[in-house]
Amino acid sequence: MSTTPTRVVHAGQEGATGPRDPRKAAMSGWIGSALEYYDFALYSLAATLIFPTIFFPVENPTVGIIASLATYAVGYVSRPVGAVVLGAYGDRHGRKKVLVFAMLLMGFATFAVGLLPTYGQVGLLAPALLVILRLIQGFAVAGELGGASAMIVEHAPDARRGFFASFSLQGTQVGSILATAVLLPLAALLPADQFGAWGWRIPFLLSAVVIFAGYLIRRRVTEPPAYAAQSGPAQARQRFPLAELLRTRPGALLRCILMTFTNVIGMATLIFGVSFATQKGYGNGFSSSEFLWVTLVANIAAVATIPVFGALSDRIGRRMLMAAGGVIGGVLVTGYLWAIEQGSLPLVFVCVVIVQGIFFQMWNATFATFFQEQFPMRIRVTGFAVSQNIGLMIASFFPSIFTAIAPPGSADIPLTIGLATLGICLVSAVATLMSSDTRGTTLEDLEGRKAGRTAEPA
């Protein structure tokens, strides 16, 4: 009686579990990420444009802005918990199961936000309920990108991992576009009082579609053959992945956390920058609808550039692309905020495309592949999810910190925030350059390299 060997399946080969299917995996990651990040991006936009006056007292505008941005950050606080729980689930029981669960949970939480009463109706209960639902959102989204990009990387040919994995990141940008595209006509066409009373709820209630679509899309996803070949009863009894991650890959974990700080560029431009442009306390006079257009244009530019940089990382390597994009993007944040201060909408559009649509995407299009390559298959989802979400949890407080160090009425706000952003990006660049560039290395060789040592110095 013959037995089926539990071997790693190479690109273009068939094993006991069938061939790799990078296109199907990339499409599944793209669609799923788009739907799930629609929910997450929708909250981010509402936290800057709507929630300060709906869920918080309006007597002190600075307090309202900081409190609303803090609820935005709360979603990132629960992400490390979600990363540990959902990462372990994805590593032990399959990438497919964690992706389905994460999407359904996210859709439920976002739908519930659309039903919440306001501060004027129930007082402090309103922000309390908002915080609870934001915590659920953060928990759910923590498993999305780690599971999706692991599935794509493990299906993709070794020479094109960067290109295929970039589609999950492109999906997150499409989700942001969908969120903006739904909010934009409502904010532009409805009178301000009607938009504040009920119009903002419509995009959140549409998340019911996500619950249904998530089940239909993700239930048909197949596990990567290499993962399926290594799974089984022994895999299920494996040590909790977090323990192995901390024991064997502490250096990679720390470097990936620090690399994630490059997201400060997005925090400075599309979170703090929107507040800086639209909140009356700063006096720059832009409307909410105008900056919904700015956010939309930035995300459209990102959709166009992400696959380009993903493919470029397969040709020239990932480290220098990520480090250069982060540092140059950090330098240019000052110019973007200065353009807002000048009150020139065309100049703002040009700056946001350059900063957010080009240079930040050099990092953003590449990091998912790079992070996945830092961890072996048995802890890959956990390693990616924990490092990314701890980093994002810390980075999520940057907009509130920016508001605290440069509140309405401050002088030299563009320079103050720009220098702070650049300093953080330099820390990330150093962590990137201290990591090994894994372009062109097969996943099998990466597995062998990591299996050859039991621990890595931090």
Side-chain angles (χ1 to χ4, degrees), residues 41 44-50 52-53 61-62 64-66 68-69 72 173 176-177 180-181 183-184 187-188 192 262-302 304-305 325-364 398-426:
S44 301
L45 288 168
T48 57
L49 298 173
I50 305 162
T53 57
T62 300
I65 296 169
I66 293 176
S68 183
L69 291 178
Y72 162 78
Q173 302 297 321
S176 297
I177 291 172
T180 307
L183 269 180
L184 185 60
T262 306
N263 283 281
V264 69
I265 296 172
M267 306 288 183
T269 55
L270 299 183
I271 304 299
F272 174 82
V274 172
S275 180
F276 181 55
T278 63
Q279 295 298 326
K280 292 181 179 179
Y282 283 109
N284 288 311
F286 288 98
S287 67
S288 297
S289 61
E290 286 174 328
F291 255 73
L292 283 173
W293 278 108
V294 171
T295 302
L296 183 62
V297 167
N299 285 314
I300 290 173
T305 57
V327 171
I328 298 172
V331 168
L332 295 177
V333 163
T334 298
Y336 167 77
L337 296 175
W338 174 83
I340 292 175
E341 202 170 54
Q342 303 311 301
S344 171
L345 189 59
L347 185 58
V348 169
F349 277 123
V350 171
C351 289
V352 81
V353 167
I354 294 173
V355 177
Q356 185 70 18
I358 298 177
F359 287 105
F360 176 64
Q361 300 312 320
M362 291 170 62
W363 184 89
N364 191 47
F398 292 154
S400 295
I401 293 171
F402 289 165
T403 304
I405 65 175
S410 301
D412 299 322
I413 290 176
L415 183 60
T416 300
I417 302 304
L419 290 175
T421 301
L422 176 59
I424 294 167
C425 288
L426 288 172

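Heavy atoms only: backbone and side chains are in, while hydrogens, waters and symmetry mates are out.
Atom CD1 of Ile340 is separated from atom CZ of Phe286 by 6.5 Å, given to the nearest 0.5 angstrom. To the nearest 0.5 Å, atom OG1 of residue Thr421 and atom CG of residue Leu426 are 11.0 Å apart. In this structure, the separation between OH on Tyr282 and CD on Glu341 is 11.5 Å, given to the nearest 0.5 Å. In this structure, Leu415 CG and Trp338 CH2 are separated by 13.5 Å, a value rounded to the nearest 0.5 Å. Atom CD1 of Ile401 sits about 11.0 Å away from atom CE of Met267, to the nearest 0.5 Å. Rounding to the nearest 0.5 angstrom, the gap separating the CG atom in Leu270 from the CG atom in Asn263 is 11.0 Å.
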Between side-chain atoms of residues 344-362 and protein atoms elsewhere (two or more places apart, or another chain), which donor-acceptor pairs fall under 3.5 Å?
| residue | atom | partner | partner atom | Å |
| --- | --- | --- | --- | --- |
| Ser344 | OG | Leu347 | N | 3.3 |
| Gln356 | OE1 | Thr269 | OG1 | 3.1 |
| Gln361 | OE1 | Asn364 | ND2 | 2.9 |
| Gln361 | NE2 | Gln356 | O | 2.9 |

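Contact between Ile417 and Ala268 at its shortest, heavy atoms only, is CG2-CB, 4.4 Å. The two atoms that bring Ile265 and Cys425 nearest to each other are CG1-SG, 3.7 Å, heavy atoms only. In terms of heavy-atom proximity, Gly285 sits nearest to Glu290 at O-OE1, 4.5 Å.
Of the possible polar contacts, none joining the Ser410 side chain to the Ile413 backbone as a donor-acceptor pair under 3.5 Å is found.
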